[in-house]
K.L.:
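Pasting a structure below so you can have a look.
Numbers here are sequence positions counted from 1.
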Amino acid sequence: MPTTPAPPPITPPCFTTARLDALPLEPAYAEEMAAVLADPALYAFTGGEPPAPAALRARYERQCAGSPDPGERWWNWVLRVRAAGDGEAGGELVGYVQATVRGSRAEIAWVLGTPWQGRGYASEAAQGLVAHLASAGGVRELVAHIHPDHAASAAVALAAGLGPTEEWEDGERRWAASVTPPPAP
């Protein structure tokens with residue numbers, strides 16, 4: 001008798017990369033993340049403005065409650081840098097990654113606070129997210145939307161294995177990739 005696979009959990013599992021811990025979003029991160037997201041330059045391509053801690057906490061509460069659509073998962077992680085042991089500061093939040101998962105398809109995004117840009121963290125986080133979604137989330141198709149003038153975000157998408165398509169939505173180019181599941185142990 002055929003069975004329908006169980007939907008992925010509402011709360012996403014943690015994942016790690018060489019230098020980052022991706023921790024499931026919690027409202028308690030709002031104050032620290034408001035500082036990470038405080039630079040108005042972060043909103044040059046996406047619009048909006050830096051969120052106040054209270055507004056960010058309310059957004060995080062809504063996101064943590066999950067999508068009202070039972071077939072869709074809102075998976076959000078904050079990114080914490082691990083101490084490298086070489087004097088580099090660690091333990092601070094530096095940004096986030098997110099995925100809206102519907103079946104085997106995920107729309108992904110990433111944001112890194114301005115002070116931590118240019119260190120490879122965004123590419124590392126996006127690559128880790130793609131690998132995590134393929135192995136733990138059963139995702140086989142990835143989509144991201146990137147402003148055509150946002151070269152840094154395009155570079156992150158390329159590093160994560162996505163490529164530009166000819167499709168556009170709200171002035172942003174659709175980037176896409178197919179992923180294969182990791183080999184069985």
K.L.:
For R19 versus R119, what's the shortest heavy-atom pair and its separation?
P.N.:
NH2-O, 3.0 Å
K.L.:
If you measure from CZ on R173 to CD on E167, what distance do you get to the nearest 0.5 Å?
P.N.:
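If I round to the nearest 0.5 Å, the distance is 10.5 Å.
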K.L.:
Atom CD1 in I108, atom CG in L162: separation rounded to 0.5 Å?
P.N.:
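With rounding to 0.5 Å, CD1 (I108) is 5.0 Å from CG (L162).
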K.L.:
Find out whether R80 and L93 are in side-chain contact, i.e. whether some heavy atom of one side chain is under 4.5 Å from a heavy atom of the other.
P.N.:
yes
K.L.:
Using every non-hydrogen atom in the two residues, find where A30 and P53 come nearest and quote the distance to one decimal.
P.N.:
CB-O, 3.8 Å
K.L.:
Check P12 against P24 and note the closest heavy-atom contact, atom names and distance.
P.N.:
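Closest approach of P12 to P24, heavy atoms only: O-CG, 3.1 Å.
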K.L.:
Going by the side-chain hydrogen bond (donor to acceptor under 3.5 Å, both in side chains) test, which pairs reach into residues 31-57, not counting sequence neighbours?
P.N.:
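As it turns out, the side-chain hydrogen bond (donor to acceptor under 3.5 Å, both in side chains) pairs with a partner in residues 31-57, which skip direct neighbours, are D39-T114.
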K.L.:
As a test of understanding, state which of L20, D21, L23, V97 forms a side-chain contact (heavy atoms from CB on, under 4.5 Å) with V78.
P.N.:
L23
K.L.:
Evaluate the side-chain proximity of T16 to R82: yes if any heavy-atom separation is below 4.5 Å, no if none is.
P.N.:
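They are in side-chain contact.
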K.L.:
For D170, is the CG atom crowded, meaning more than 12 foreign heavy atoms sit under 6.0 Å from it?
P.N.:
no
K.L.:
To the nearest 0.5 Å, tell me how far R140 CZ sits from T180 OG1.
P.N.:
7.5 Å
K.L.:
Go through the steps for T17 and Q127 under the test side chain to side chain contact (heavy atoms under 4.5 Å, CB included), then give the verdict.
P.N.:
CA-CA 9 Å; T17 67; Q127 290 167 350; over 6 Å; no
K.L.:
Would you name the heavy atoms of P70 and P68 that are closest together and state the gap between them?
P.N.:
CD-O, 3.4 Å
K.L.:
Rounded to the nearest 0.5 Å, what separates atom CG in L158 from atom OG in S123?
P.N.:
9.0 Å
K.L.:
What pairs meet the ring-ring contact (aromatic ring centres under 6.0 Å, His included) rule with one or both residues in residues 148-180, with sequence neighbours excluded?
P.N.:
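ring-ring contact (aromatic ring centres under 6.0 Å, His included) check on residues 148-180 returns F45-H150.
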K.L.:
Does any part of the side chain of Y96, heavy atoms only, come nearer than 4.5 Å to the side chain of N76, both counted from C-beta?
P.N.:
no
K.L.:
Would you check, one step at a time, whether the test side chain to side chain contact (heavy atoms under 4.5 Å, CB included) holds for W77 with L129?
P.N.:
CA-CA 9 Å; W77 297 264; L129 175 63; 3.4 Å; yes
K.L.:
Classify the ring geometry of H132 against W75: parallel below 30°, tilted from 30° to 60°, perpendicular beyond 60°.
P.N.:
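H132 vs W75 ring planes: tilted.
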K.L.:
How far does OG1 of T165 sit from NE2 of H145, to the nearest 0.5 angstrom?
P.N.:
7.5 Å
K.L.:
Would you check if L56 and L37 make a side-chain contact, meaning some heavy-atom pair closer than 4.5 Å?
P.N.:
yes
K.L.:
So W116 and V36, do their side chains get closer than 4.5 Å, heavy atoms only?
P.N.:
yes
K.L.:
Atom OH of Y60 and atom CE of M33: how far apart are they, to the nearest 0.5 Å?
P.N.:
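So the gap between those two atoms works out to 4.0 Å.
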K.L.:
Search all heavy atoms of A52 against all heavy atoms of A34 and return the closest pair with its distance.
P.N.:
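The pair with the smallest heavy-atom distance is C-CB, 4.5 Å.
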K.L.:
Find out whether L25 and C64 are in side-chain contact, i.e. whether some heavy atom of one side chain is under 4.5 Å from a heavy atom of the other.
P.N.:
yes
K.L.:
Does a salt bridge link E166 with R174, judged by any charged N lying under 4.0 Å from a carboxylate O?
P.N.:
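R174 and E166: not salt-bridged.
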K.L.:
Might you work through the side chain to side chain contact (heavy atoms under 4.5 Å, CB included) test for V156 and W110, ending with a clear yes or no?
P.N.:
CA-CA 9 Å; V156 170; W110 48 86; 3.4 Å; yes
K.L.:
When you measure from the side chain of Q117 to the backbone N and O of L112, does any donor-acceptor pair fall under 3.5 Å?
P.N.:
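Pair found, side chain donor or acceptor close to backbone of L112.
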K.L.:
On a heavy-atom basis, which atom in V130 and which in A160 lie closest, and how many Å separate them?
P.N.:
CG2-O, 3.8 Å
